[in-house]
Amino acid sequence: MRITLVWGVLAATALLCIPAAHAQQPGASASLDYDYFKTKVQPIFLTKRPGHARCIACHGSGTPLRLQPLAQGATTWSEEESRKNFDVIRRVAQPGNLKSRLLTHPLEEQAGGDFYHNGGKHFASQSDPEWQVLKAFVMGKTL
């Protein structure tokens with residue numbers, strides 16, 4: 001009985017230590033689709049927006065979330081580089097979780113984003129078409 005109680009307390013403690021940002025929303029069974037990422041999400045990192053640098057300008061070097069730098073003269077990534085980028089983005093895109101940093105970090109705070117992003121808030125609203133692509137990716141959309 002004492003062993004069962006100790007294991008129960010340990011299990012409950014372990015569950016309390018799981019960060020909420022990494023938990024899926026109830027009923028979510030999404031997974032991240034590489035082809036959708038490569039075709040729809042990756043181009044967003046290269047898009048120039050008025051008043052902002054392209055994501056790759058900072059996230060190609062010097063930030064904890066580091067995408068593969070573009071080769072000289074390249075306009076997109078190779079297959080190998082895309083796979084590496086997918087692995088990096090999986091750290092901030094928890095499947096089925098609308099609080100994933102991929103969604104909240106570049107989104108204006110009043111639209112549901114987090115407090116600060118060094119590169120500025122690229123999306124003023126959740127209805128922004130590029131933000132919708134990111135959301136679809138996190139929620140498990142496939143091609």
Side-chain angles (χ1 to χ4, degrees), residues 4-143:
T4 304
L5 180 60
V6 170
W7 280 111
V9 170
L10 288 173
T13 303
L15 286 174
L16 290 174
C17 293
I18 297 172
H22 296 291
Q24 287 189 346
Q25 293 183 342
S29 62
S31 62
L32 303 176
D33 183 73
Y34 171 74
D35 291 325
Y36 187 87
F37 169 80
K38 182 180 172 185
T39 306
K40 303 286 187 180
V41 174
Q42 242 185 180
I44 292 172
F45 304 142
L46 301 174
T47 301
K48 176 70 175 120
R49 290 170 205 84
H52 296 283
R54 298 178 307 150
C55 300
I56 189 62
C58 295
H59 290 287
S61 64
T63 66
L65 182 72
R66 187 154 315 158
L67 299 169
Q68 294 299 300
L70 284 175
Q72 186 70 28
T75 57
T76 191
W77 290 278
S78 70
E79 183 68 21
E80 179 183 356
E81 293 166 333
S82 292
R83 292 267 178 204
K84 288 179 181 179
N85 286 343
F86 181 68
D87 288 340
V88 166
I89 293 301
R90 289 169 53 182
R91 293 189 349 238
V92 294
Q94 291 78 34
N97 187 346
L98 291 174
K99 296 295 183 185
S100 293
R101 286 184 56 97
L102 181 65
L103 299 177
T104 61
H105 210 49
L107 181 64
E108 289 284 350
E109 190 174 8
Q110 65 268 18
D114 62 15
F115 174 68
Y116 184 73
H117 177 225
N118 282 344
K121 297 298 189 166
H122 290 261
F123 310 116
S125 127
Q126 291 185 18
S127 61
D128 182 286
E130 289 180 324
W131 191 89
Q132 288 289 317
V133 168
L134 298 177
K135 176 185 173 187
F137 170 65
V138 168
M139 298 311 289
K141 185 159 180 142
T142 60
L143 288 180

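The structure displayed is predicted, hence computed values, not measured ones.
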Which atom pair, heavy atoms only, marks the closest approach of Trp131 to Gln126?
CE3-O, 3.1 Å
Does His59 reach the main-chain N or O of Leu65 with its side chain, forming a donor-acceptor pair under 3.5 Å?
yes
Distance, nearest 0.5 Å, that separates NE2 of His122 from CG of Leu107:
11.5 Å
Do Phe37 and Asn85 have side chains that get closer than 4.5 Å, going by heavy atoms?
yes
Specify the closest pair of heavy atoms between Arg54 and Thr47, including all atoms of both residues, with the distance to one decimal.
CG-O, 3.5 Å
Spacing of Lys135 atom NZ and Leu103 atom CG [to the nearest 0.5 Å]:
8.5 Å
Only one of Leu102, Val92, Ile89 passes side-chain contact (heavy atoms from CB on, under 4.5 Å) with Val138; say which it is.
Leu102
Go through the steps to decide whether Phe137 and Lys40 satisfy the test side chain to side chain contact (heavy atoms under 4.5 Å, CB included), and finish with yes or no.
CA-CA 8 Å; Phe137 170 65; Lys40 303 286 187 180; over 6 Å; no
How long is the straight-line distance from SG of Cys55 back to CZ of Arg49, given to the nearest 0.5 Å?
4.5 Å
Residue list, side-chain contact (heavy atoms from CB on, under 4.5 Å) with Thr39, at least two apart or on another chain:
Leu143
List in chain and number order the residues that pass side-chain contact (heavy atoms from CB on, under 4.5 Å) with Glu109, two or more places apart in sequence or in another chain; answer none if no residue qualifies.
Phe115
Closest heavy-atom pair and its distance - Leu67, Ile56
CB-CD1, 3.9 Å
Run the salt-bridge test on Arg90 and Asp87 with the 4.0 Å N-O cut-off and return the result as yes or no.
yes
Run the side chain to side chain contact (heavy atoms under 4.5 Å, CB included) check on Leu70 and Phe45 step by step: do they pass?
CA-CA 11 Å; Leu70 284 175; Phe45 304 142; over 6 Å; no
State whether the number of non-hydrogen atoms from other residues, nucleotides or ligands found under 6.0 Å of Glu80 atom CD is greater than 12.
no
CZ-OG distance between Arg83 and Ser78, expressed to the nearest 0.5 angstrom:
11.0 Å
Quick one: closest heavy-atom pair of Ala111 and Ala124, and the distance?
CB-O, 3.4 Å
When every non-hydrogen atom of His105 is compared with those of Asp114, the smallest separation belongs to ND1-OD2, 2.7 Å
Scan Lys38, Gln42, Gln68 and name whichever one has a side chain to side chain donor-acceptor pair (under 3.5 Å) with Ser82.
Gln42
Which residues pass the side-chain contact (heavy atoms from CB on, under 4.5 Å) test with Ala136, not counting sequence neighbours?
Tyr36, Lys141
Compare every heavy atom of Leu32 with every heavy atom of Pro95, then report the nearest pair and how far apart it is.
CG-CG, 3.8 Å
